[in-house]
2 protein chains.
Amino acid sequence: MSRLNILVVEDEDAIRAMLVMVLEQAGFKSIAATDAEDAQKILDDSSPDLILLDWMLPGISGVEWLRRLKKEPMYRDVPIILLTARGEEEDKVRGLGCGADDYITKPFSPKELVARIRAVLRRSGKIQGLAQIALGDLVLDTEQHRLSIGDKQLEVSPTEFRLMQFFMTHPDKVYSRTQLLDQVWGRSVYIEERTIDVHIRRLRKILSEHGREDLVQTVRGFGYRFSLID
Amino acid sequence: MSRLNILVVEDEDAIRAMLVMVLEQAGFKSIAATDAEDAQKILDDSSPDLILLDWMLPGISGVEWLRRLKKEPMYRDVPIILLTARGEEEDKVRGLGCGADDYITKPFSPKELVARIRAVLRRSGKIQGLAQIALGDLVLDTEQHRLSIGDKQLEVSPTEFRLMQFFMTHPDKVYSRTQLLDQVWGRSVYIEERTIDVHIRRLRKILSEHGREDLVQTVRGFGYRFSLID
DNA sequence: TCTTTTTGTCATAAAAGGGTAATATAGGCT
DNA sequence: AGCCTATATTACCCTTTTATGACAAAAAGA
């Protein structure tokens with residue numbers, strides 16, 4: 001598999017250089033642009049797998065450009081991570097849901113950045129860990145988007161599928177509602193924590209039709225755990 | 001498990017003192033140095049698990065020292081968190097490029113600092129002993145939030161879990177009710193001391209179902225002790 | 001555009017947890 | 001033994017947390 005390509009759009013030289021270095025180090029290819037116009041050009045003839053976009057840019061701002069991109073069907077699906085300065089409109093990024101897949105506040109550690117990038121890529125399907133994840137008689141097939149117990153198919157919605165995917169790749173560990181939101185929905189969406197309960201309920205309902213409602217366990221005061229063992 | 005040791009390198013007395021206090025409070029051991037030379041000496045004969053390093057130091061600057069450290073194989077893997085003043089942000093980011101694992105902007109809250117430290121320690125694997133605490137055939141797993149004796153699961157409530165966690169990480173030592181309240185419930189809650197008795201009782205009841213009620217021992221006039229030996 | 005599905009939110013029910021006080025028991029001292 | 005104090009135990013009630021069902025907005029198909 002060829003290296004994934006990341007477009008960095010950042011006007012400050014020092015930060016841009018650092019980003020590129022970090023990305024290289026982490027095994028990504030990268031192209032850098034200093035403003036939205038540049039970025040647009042690059043986008044038009046190469047097709048990056050992900051865009052790291054500074055919130056503040058000279059000329060067309062990062063957010064502004066982001067909005068435009070999200071209107072074009074052609075580029076809508078390119079995952080985007082926003083770079084923002086601490087305290088700067090952080091709430092707005094979350095609240096407005098302007099289309100970014102995640103955001104990260106400057107300054108940040110290289111490890112954190114890379115972890116975020118990987119998470120977003122994974123969510124958007126660009127990195128597929130294993131095509132098939134099996135746990136006991138549970139099989140989740142990411143390619144066919146199918147979930148089955150033994151040879152019985154389970155009918156799950158997209159969100160339920162992603163939730164299951166997360167659970168099956170992170171079994172036996174408790175996750176808080178916040179963590180689940182971050183991991184499964186993405187950091188930039190703002191959703192009530194209680195909504196998790198409802199999704200858990202939906203999952204359990206489906207699982208219980210096959211006698212496996214015990215897979216998703218409540219850990220009172222902390223969150224939920226997915227585990228084969230009781 | 002012995003407490004993790006943190007080397008604080010900071011020239012301003014007030015801040016250094018504060019740091020040391022916060023660290024103690026959070027259960028870390030700490031050694032302080034006021035400049036890079038001092039720090040180097042300490043580093044040479046003790047081996048801290050993490051270094052909290054001020055960006056600006058008299059003499060050899062923090063970053064400069066950091067660079068040197070990262071060149072020495074011996075010290076390369078010691079995780080480092082940079083302390084920086086607000087407004088030096090770009091420099092900081094560049095600092096991360098040179099090997100720091102995280103940075104934190106002054107002023108910061110103790111809570112934030114401790115959280116960062118824990119995160120870095122966890123990432124670097126130093127804190128993994130915290131995931132599972134085993135004492136005899138008792139195993140408390142903080143990741144899974146499970147407590148078991150042998151292969152039997154114990155059903156404990158959140159508070160009981162925390163109490164057990166404290167006991168298991170501080171065995172063989174007597175704690176007064178006040179100390180237990182401070183450590184397990186937190187300093188800021190006001191609860192009747194007698195309430196502890198009730199929780200002890202609940203714990204004992206659970207433990208006694210597995211024939212281990214002798215683990216929690218009453219030390220009349222002082223408090224309670226958790227110990228495998230009778 | 002018109003359905004159908006998906007998904008987030010709310011209101012309410014249900015359950016679990018946790019603090020307190022009252023009572024019982026035990027330890028230790030004179 | 002008798003008394004005082006410290007701890008154990010129990011029951012109760014209030015609070016917090018989670019489960020559940022219904023609804024409507026949004027998204028996806030058709």
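- Put simply, CZ on A/Arg202 is 11 Å from C1' on D/dA22, counting in whole angstrom units.
- Counting non-hydrogen atoms under 4.0 angstrom, B/Phe161 reaches nothing in the nucleic acid.
- B/His199 has its NE2 atom 15 Å from the C1' atom of D/dA8, to the nearest Å.
- For B/Trp185, no side-chain nitrogen or oxygen approaches OP1 or OP2 of C/dG18 to under 4.0 Å.
- Regarding A/Ile200, its CD1 atom lies at a distance of 13 Å from the P atom of C/dG8, rounded to whole Å.
- Computed from coordinates, the A/Arg177 CZ to D/dT18 P distance equals 4 Å when rounded to whole Å.
- Counting any heavy atom pair closer than 4.0 Å across all strands shown, A/Thr195 reaches a base atom.
- Per the geometry, NZ belonging to B/Lys205 stands 10 Å off P belonging to D/dT9, to the nearest Å.
- Within the 3.5 Å criterion, the main-chain N or O of B/Ser176 finds a donor-acceptor partner in the side chain of B/Gln179.
- Tested against A/Phe167, the residues A/Leu215, A/Leu180, A/Val184 include a single side-chain contact (heavy atoms from CB on, under 4.5 Å) partner, A/Leu180.
- Distance CD1 (B/Ile206) to C1' (C/dA16): 13 Å, rounded to an integer number of Å.
- When the side-chain nitrogen and oxygen atoms of A/Thr159 are compared with OP1 and OP2 of C/dT7, one or more of them lie within a distance under 4.0 Å.
- If you run side-chain hydrogen bond (donor to acceptor under 3.5 Å, both in side chains) between B/Arg177 and each of B/Asp197, B/Asp182, B/Thr195, only B/Asp197 comes through.
- Between A/Arg3 and A/Glu24, at least one side-chain N (NZ, or NE/NH1/NH2) sits under 4.0 Å from a carboxylate O, which counts as a salt bridge.
- Taking 4.0 angstrom as the limit, A/Thr218 places none of its side-chain polar atoms (N or O) nearer than this to OP1 or OP2 of D/dT17.
- In this structure, A/His145 places its NE2 atom 13 Å from P of D/dA28, rounding to the nearest Å.
- Salt-bridge annotation for B/Arg212 and B/Asp137: present, with a side-chain N of the basic residue lying under 4.0 Å from a carboxylate O of the acidic one.
- Comparing B/Val198 and B/Arg194, the nucleotide of DNA chain D nearest to each residue sits closer to the 5' end for B/Arg194.
- Checked by distance alone, A/Arg220 brings a side-chain donor or acceptor within 3.5 Å of a matching partner on the base of D/dT16.
- In this structure, the CG atom of A/Asp197 is 17 Å from the P atom of D/dT16, given to the nearest Å.
- Backbone-only contact: B/Arg204 has heavy atoms under 4.0 Å from sugar-phosphate atoms and none from a base.
- Checking the phosphate oxygens (OP1, OP2) of C/dT9, no side-chain nitrogen or oxygen of A/Tyr190 falls inside 4.0 Å.
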